[in-house]
Every structure is written in C-alpha cells, then in structure tokens.
Amino acid sequence: MDSYIVVFEIKESSRLPALKETLKSFTGYCPLTTHSWAITTELKAKEVRDQLSQNIGPGDQLFVFRSGTEGAWRNPYSEKHNEWLKKNL
C-alpha cells in the first residue's frame with residue numbers, strides 16, 4: 001500500500017464535490033488543507049492521477065506525489081487527522 005499527497009486547484013467550484021468524493025473512494029484518505037489530501041491506495045501515481053482527472057477541467061491543476069518516507073506537520077484539522085497522518089505517512 002502506498003501513500004500519496006494529492007494537491008489540486010479547481011477553477012470551477014461545482015467540480016469540487018465530485019473530486020472530494022473520488023478522493024474518499026481510495027483505501028484511506030485524510031484532508032490536509034483546502035487543496036491537498038493524503039490518500040493510501042494500491043494504485044500507482046499515474047493511475048491515481050487518471051482516476052482523479054475525470055473531475056478536473058482544462059484550466060485546473062492536479063499533482064500526485066508518492067509519500068511514505070518521512071513527514072512533519074503542524075495543526076492538522078483534528079486529532080483524528082493527526083493520528084491518520086502518523087499511521088500512514
């Protein structure tokens with residue numbers, strides 16, 4: 001199982017709910033900020049990108065980075081998110 005950081009900028013806000021639902025469909029997920037999430041999945045980065053691209057418009061941006069080696073953060077959304085990050089990143 002790999003961990004990924006997904007960063008996105010969506011120009012048309014009407015696409016955002018569908019993108020978030022797709023992010024929630026992965027094995028594990030944790031919102032980091034308004035425009036970035038951490039996910040866990042058996043898929044490769046290119047496959048994650050392709051799956052999320054169905055919710056991305058021509059002017060939107062999407063980045064998928066494999067993580068899982070080392071991480072540090074401050075002030076996640078909640079303790080639940082903090083625990084998820086410790087376990088998965």
Side-chain angles (χ1 to χ4, degrees):
M1 179 90 50
D2 288 318
S3 298
Y4 294 95
I5 304 298
V6 178
V7 181
F8 51 89
E9 286 288 333
I10 306 298
K11 305 268 187 224
E12 191 176 315
S13 62
S14 64
R15 283 194 290 272
L16 195 53
L19 178 62
K20 287 182 177 181
E21 286 305 311
T22 303
L23 286 163
K24 290 177 182 179
S25 73
F26 291 102
T27 305
Y29 64 90
C30 180
L32 302 174
T33 67
T34 305
H35 300 286
S36 62
W37 287 46
I39 63 165
T40 56
T41 182
E42 296 289 340
L43 300 175
K44 299 297 180 195
K46 184 177 177 181
E47 296 170 307
V48 171
R49 180 206 60 201
D50 292 347
Q51 190 169 338
L52 293 172
S53 289
Q54 64 187 333
N55 306 109
I56 301 294
D60 298 338
Q61 296 172 306
L62 174 66
F63 301 90
V64 179
F65 305 101
R66 187 168 60 87
S67 181
T69 57
E70 184 177 359
W73 54 89
R74 180 173 302 282
N75 299 327
Y77 285 128
S78 72
E79 185 58 30
K80 174 183 168 185
H81 292 89
N82 188 51
E83 291 304 315
W84 191 96
L85 293 168
K86 281 195 247 182
K87 179 181 175 189
N88 294 287
L89 297 185

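Proximity of P76 to L85: side-chain heavy atoms (C-beta onward) are separated by under 4.5 Å at one or more points. Residues C30 and N88 fail the side-chain proximity criterion, which asks for heavy atoms closer than 4.5 Å. Between Q51 and S25, some side-chain heavy-atom pair lies under the 4.5 Å cut-off. The shortest distance between side-chain heavy atoms of T22 and Y29 does not fall below 4.5 Å.
A distance of 6.5 Å separates NZ in K11 from CD in E9, rounded to the nearest 0.5 Å.
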Item to complete: Under the side chain to side chain contact (heavy atoms under 4.5 Å, CB included) rule, what do L62 and S53 come out as? Steps first, then yes or no, please.
Response: CA-CA 8 Å; L62 174 66; S53 289; 4.0 Å; yes

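Every residue two or more places apart in sequence or in another chain that forms a side-chain hydrogen bond (donor to acceptor under 3.5 Å, both in side chains) with K86 is listed here: E83. For D50, there are no side-chain hydrogen bond (donor to acceptor under 3.5 Å, both in side chains) partners at least two apart in sequence or on another chain.
Remark: of the listed residues N55, D60, V6, N55 is the sole one forming a side-chain contact (heavy atoms from CB on, under 4.5 Å) with L19.
Placement of L23 and L32 in two distinct hydrophobic clusters is found when ILVMFWY residues are connected by side-chain heavy-atom separations under 4.5 Å, directly or transitively. Residue V7 is not grouped with residue I56 when hydrophobic side chains (ILVMFWY) are merged at heavy-atom distances under 4.5 angstrom, including chains of intermediate members. A continuous path of Ile, Leu, Val, Met, Phe, Trp and Tyr side chains, each step under 4.5 Å between heavy atoms, connects W73 with F65, placing both in one hydrophobic cluster. At a threshold of 4.5 Å between side-chain heavy atoms, the hydrophobic network of Ile, Leu, Val, Met, Phe, Trp and Tyr places L16 and F26 in one connected group.
Listed here is the closest heavy atom pair of A45 and Y4: N-OH, 3.2 Å. Closest approach of W84 to A38, counting heavy atoms only: CZ3-CB, 3.5 Å. The two residues S13 and P17 make their nearest non-hydrogen contact at O-CD, 3.4 Å.
Listed by first and then second residue, the side-chain hydrogen bond (donor to acceptor under 3.5 Å, both in side chains) pairs that reach into residues 34-44 are T33-S36, sequence neighbours excluded.
Around CZ of F8, the count of heavy atoms belonging to other residues, nucleotides or ligands within 6.0 Å exceeds 12.
Ring geometry for H81 versus Y77: interplanar angle over 60°, hence perpendicular rather than tilted (30 to 60°).
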